[in-house]
Each structure stands twice: as structure tokens, then as C-alpha cells.
Amino acid sequence: MQVDTLILGAGAAGMMCAAHCTGSTLVIDHARAPGEKVRISGGGRCNFTNIHTEPENFLSANPHFCKSALGRYSPWEFVALVEAHGIKWHEKTLGQLFCDVTAKDIVAMLRAEMTRAGADLWLQTQLSEISHDGSAFRASVTRDGKTHEVRARNLVLATGGKSIPKMGATGLAYDIARQFGLAVTTTRAGLVPFTFPEGRFAELSGTALPCRATAGGASFDEAMLFTHRGLSGPAMLQVSSYWSEGHPITVDLDPEGSLFETLREQRATSGRHKLTTELARHFPARLVAALPQQTGLPLAGNLADQSDTALSHLVDSLRNWQMTPGGTEGYRTAEVTLGGIDTDGITSKTLEARDVPGLYVIGEAIDVTGWLGGYNFQWAWASGVAAGRAI
Ligand code: FDA
């Protein structure tokens, strides 16, 4: 069969691209359903964009690359689409927009937009071979046990990254990119929990608290969570994208910087209170109980026993708690893949390969990775729209 555009991957970017392509479009995916990551995202409510999206919220070897596509498709344009489909939404925190009811509404919306644009969708379809015959791409695909030859002027790589292989993630886009001469930068798991030696935080598992986490020069003020395997929660997921193996992460448990003065004031009025009792007013009691073992801080005596120097040392330690993870949970649980198809070989305005006319790369497959908080979907939408409009 012959189509104008063949899109590999019916995820967030592929579906959005299909909704904006003119001409005949076929989208293929090996999964049983389209947009599976959209469906499970945001705890089933899909954090579909972030209204504060800026290029600074993305990691890439070329931090300028994402500007063009993001600049031409704003979060508010996606919100307008969501509203046109009658989907109710709310802002949760930090500009993060979620569906009121279910992420399935976003999948249905994308599916409806694809249909409106006249795009076909073949699910449970495997690609076995792809080549270019000098005038068009030729794909050999298998569906329902039958092999089809698809000829397409344009080929869009939208099969995402390697995160969560159990959900069908593969490195297909990277393999095809290399086949057509595009470079692929080193990939690794991002937005992923840290692991520590067995039992390190066993007694703290389930404890959550606000903090400022720092790694690789980036800091995030969000919640952290101790788990039986290590550290998770938004603050940890965010810094995991900046962390490199063997380096410590720094946790500031007093990001507002008011603890020292508060403890001094309390010492003046309630000197007979135990230091641990006072600390438990600011931090979870389980953490206070574990701090001596975790940090080496003695935490003995009453408030009145603490000199300014002792209080200052205590607060400094709580503001500069360094921990070196053994690693991360890897692609098994990572929300995204850092690195990917090198942006050097791609035109930022259209997402078309510079040296392979008709070959487009969108979404997570490219070396553009957003922070936690709706940024990755905004990149998927914006890059999908940019390529779709160019096609
Ligand atoms: P995506 O992964 O969406 O789609 C790729 C498609 O290609 C899939 O349908 C897959 O089946 C298909 N495919 C892969 N290999 C194939 C092959 N060999 N043959 C055929 N088809 C193939 N982001 C955000 O902004 N807000 C959020 O709330 C969340 N939440 C979230 C939760 C969880 C658990 C995860 C894992 C991820 C998130 N994300 C997120 C990240 C977000 O899901 C991700 O960045 C986008 O889905 C990327 O869109 P793509 O279209 O590039 O890939």
C-alpha cells in the first residue's frame, strides 16, 4: 500500500503528529492500544502539560533545540484542545495540569483528532524491515499474521525511549535513526528513584517530607520519600536526571532557612523541652528517631543544653545531608529516557533529519527530556505538531 506518511508509534507524539498531518497517514504500533503511557500517566489523571513550560525545563546536549517547537505550540493551545473536547481539568501544583476524571479522556481525544485528520491506526503491528528506495521509504510490517509492504514519502519516528520495557518500550527509533546515518547520544534512565544498599532506609520506608534536593548543579524544592529500596518522591525523581553515578545528592531539610532561629526562640521559651521533641514538631518523628544513626548527629539533651554553636552545627548538618546512591531503579521504573537521537542531525523547526528528506523524529526518542510535571507531554505535543504541520 502507498501512503504519504507512515508514523511509527501511536504514543503521545505520534498521535498528535497524525492529527496534524495532511495527506494520507498510517500510524502503526505493536501495542494493543494507543497511548498506553498517557493512560497510566499522572496516577491515571495525566499531567498533560505545564503552564510554566520554558526551554530551561528540558535537558539536552543542545539546550536551544527545543525552543522552536515549544515556542510554536504553547501549553494553552493544548488546553484549548482539551476544553474543545469537553475534558475538565485542574491545576494541581507548580503549573501542573491534570484531568479531573481520567487520563483515558486524553487518549480518546487524540484518537478522535486522528480520525478527524483521516489517519489510519494499525495496532499489534510489527515492523520487520525499513529502507529507502531513492524516492520513498519502504516498510515491511506484519499485522494479523499477514505481511504488508507500505510505501511512504515521509517516515516519522515516534516510538519513544527505553523507559518501562514491560509497557512495550523498545530502542526501535534509535536503531532506525542509526540506519539512516543519524547519531544517537548515550541514553540513561531519568525521573527515576534512587537505590541504596539493602536496609539503609528500612525504618524510614514510607516517610515523606519537603526538602530541597540538589545533584549535578540542579536543585528542586519538592517532596522526598524514603522507600525500602532507597529514595523517591518528586524531588528525587527530578534530581535523578542530573545525577551521575558515584556522586552524592545533597538534601536540605530546611529549605526556607528558618530552623536555626526557630530553635533559638524555642530554647528561650521552652528550654526544658527535649531537643528531639522540638525537632519532631518540624520533621516526621520517625526521621528524628533515625537521624542519629543516619547522620551521626547525637541529638541528646534538652533545648537549654544546646549552645548556639551546637544548634548551628545541627542545622548545618540538616541543610547539607549528603548521600551517595548505589544507583537508580533504571529503565524498569524510569518515567523518561535521557539522551537519544542527536539533535545535531535534525532541523529544530520541522523535526526533519537534515540529510534524509522525509525522515522526522519526534517525542522522547530525541535527545530532549523534560522535568517532572507535564513538561514531557508538552514536548511530545509540540514536537508532534511541528512535524505534522511541516508534513
Ligand atoms: P510514548 O512512549 O508515549 O509512545 C511510543 C509508542 O511507540 C508506544 O505506543 C509504543 O507501544 C510504541 N512502540 C515502541 N516500540 C515499538 C516498536 N518496536 N514497534 C512498534 N511500536 C513501538 N509525562 C508527563 O508530561 N506527565 C505525566 O504525568 C507523565 N507521567 C508518566 C508516568 C509514567 C509511569 C511514565 C512511564 C511516563 C510518564 N510521563 C509523563 C512521560 C511521558 O509518558 C513520555 O515522555 C511520553 O509518553 C513520550 O511520548 P512519545 O510519544 O515520544 O513516546
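Just follow the structure's listing: the first ligand is 1, and inside any ligand the first atom is 1. Start at 1 with the first residue, then count along the sequence.
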Are [X] and [Y] linked by a side-chain donor-acceptor pair shorter than 3.5 Å?
X: Thr214; Y: Ser219; result: yes
X: Glu91; Y: Gln96; result: no
X: Ser163; Y: Thr337; result: yes

Protein heavy atom at shortest distance from [atom]:
atom: atom 51 (O) of ligand 1; value: Ala13 N, 2.8 Å
atom: atom 24 (C) of ligand 1; value: Phe377 CD1, 3.1 Å
atom: atom 53 (O) of ligand 1; value: Gly160 CA, 3.5 Å
atom: atom 20 (C) of ligand 1; value: His30 N, 3.2 Å
atom: atom 41 (C) of ligand 1; value: Glu335 O, 3.6 Å
atom: atom 1 (P) of ligand 1; value: Gly11 CA, 4.1 Å
atom: atom 30 (N) of ligand 1; value: Ser41 CB, 3.3 Å

Pull out every atom of ligand 1 sitting under 4.0 Å from any heavy atom of [X], numbered as shown with elements.
X: Gly168; answer: 14 (C), 15 (N)
X: Glu364; answer: 44 (C), 45 (O), 46 (C), 48 (C), 52 (O)
X: Asn47; answer: 24 (C), 25 (O), 26 (N), 27 (C), 28 (O)
X: Ala158; answer: 5 (C), 6 (C), 7 (O)
X: Ala31; answer: 11 (O)
X: Gly42; answer: 28 (O), 30 (N)
X: Asn376; answer: 23 (N), 25 (O), 45 (O)
X: Thr170; answer: 14 (C), 15 (N), 16 (C), 17 (C), 18 (N)

Under-4.0 Å heavy-atom contact with ligand 1, by part of [X] that carries it:
X: Ile40; answer: side chain
X: Ile164; answer: side chain
X: Ala169; answer: neither

If you measure every N or O of [X] against every N or O of ligand 1, does any of those distances drop under 3.5 Å?
X: Gln378; result: no
X: Gly9; result: no
X: Thr125; result: no
X: Leu172; result: no
X: Ala12; result: yes

(Q) Using the ring-ring contact (aromatic ring centres under 6.0 Å, His included) definition, which of the options Phe377, Tyr375, Phe78 pairs with Phe48? (A)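 So the option named by the test is Phe78.
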Q) Could you go step by step and tell me if Gln322 and Asn320 meet the side-chain contact (heavy atoms from CB on, under 4.5 Å) rule? A) CA-CA 6 Å; Gln322 300 218 343; Asn320 191 26; 3.6 Å; yes
Q: Determine the minimum heavy-atom distance between Cys17 and Ile362, stating which atoms define it.
A: CB-CD1, 3.6 Å
Q | Minimum heavy-atom distance between Pro325 and Phe194, given as atom pair plus value | A | CG-CD2, 3.5 Å
Lys/Arg N to Asp/Glu carboxylate O, [X] vs [Y], below 4.0 Å:
X: Asp133; Y: Arg151; answer: yes
X: Arg389; Y: Glu77; answer: yes
X: Asp175; Y: Arg178; answer: yes
X: Asp305; Y: Arg267; answer: no
X: Glu329; Y: Arg229; answer: yes

Q: Answer yes or no: are there more than 12 heavy-atom neighbours, outside His85 itself, under 6.0 Å from its atom NE2?
A: yes
(Q) Counting only heavy atoms from other residues, nucleotides and ligands, does the tally under 6.0 Å from NE2 of His52 exceed 12? (A)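 Counting other residues, nucleotides and ligands, NE2 of His52 exceeds 12 neighbours.
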Q) Less than 6.0 Å separating the ring centroids of Phe180 and Phe137? A)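 So the answer is yes for these two rings.
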Q.
Tell me the nearest of Leu191, Leu8, Asp29 to atom 8 (C) of ligand 1, using heavy-atom distances.
A. Asp29
(Q) So for Gly374, does at least one of its heavy atoms come nearer than 4.0 angstrom to any atom of ligand 1? (A)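 The answer is yes: ligand 1 sits under 4.0 Å from a heavy atom of Gly374.
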